[in-house]
Amino acid sequence: LLVANRCQVAFGQIINVIWRPVIAGLVMFIALINISGLWGLGNWSLLTIKVLFGAVFYILSVLVLWWLAGRPISAEQLLLSSIRNNMPFK
């Protein structure tokens, strides 16, 4: 509410922007908590796997939620169009 008052932005606009990253973070958290006991790995190996899996879960979750939200104009769209435009093959 403080941000909404200071920036003169409606609270609903803030929620509309942050809900996808927040839910993607929760999906990543739940997935990584459940990975911990699957393998009998050392701490560094487990940390490395969690970082890699966490990045994949988060990125995929954000993109799926963005798609489900109707693909609004946002950072996801800018990133995907930038990737598309910079591909060596089109």
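Along the sequence shown, residues carry numbers from 1.
Under a hydrophobic-cluster definition in which Ile, Leu, Val, Met, Phe, Trp and Tyr are linked whenever side-chain heavy atoms come within less than 4.5 Å, directly or via other members, M28 and I49 are assigned to the same cluster. Residues L32 and Y58 share a single hydrophobic cluster, defined by chaining ILVMFWY side chains whose heavy atoms lie under 4.5 Å apart. Cluster membership for I15 and V9, using ILVMFWY side-chain heavy atoms within less than 4.5 angstrom, is shared.
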So L65 and W19, side chain to side chain contact (heavy atoms under 4.5 Å, CB included) or not? Walk me through it. CA-CA 9 Å; L65 291 169; W19 74 269; 4.0 Å; yes

Applying side chain to side chain contact (heavy atoms under 4.5 Å, CB included) to L63 and L80, what does each step give before you reach the verdict? CA-CA 10 Å; L63 290 175; L80 290 175; 4.1 Å; yes

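The CG atom of N16 lies 12.0 Å from the CZ atom of F11; values are rounded to the nearest 0.5 Å. One distance of note links CZ of F53 with OG1 of T48; it measures 12.0 Å at 0.5 Å rounding. A distance of 11.5 Å separates CD in Q13 from CD in Q8, rounded to the nearest 0.5 Å. Note that CD1 of I59 and CD of E76 are 11.5 Å apart. Values are rounded to the nearest 0.5 Å. The line from CH2 of W66 to CG of L79 is 9.5 Å long, rounded to the nearest 0.5 Å.
Nearest heavy-atom pair, N86 versus S82, reported as atom, atom and distance to 0.1 Å: ND2-O, 2.9 Å. For the residue pair P21 and V62, the shortest heavy atom distance occurs at CA-CG2, 4.5 Å.
If you chain together ILVMFWY residues whose side-chain heavy atoms come under 4.5 Å of each other, L52 ends up in a group of its own. L47 belongs to a hydrophobic cluster with W44, V51, counting contacts under 4.5 Å between side-chain heavy atoms of Ile, Leu, Val, Met, Phe, Trp and Tyr, direct or through other members.
Around atom CD1 of I83, more than 12 heavy atoms belonging to other residues, nucleotides or ligands sit under 6.0 Å away.
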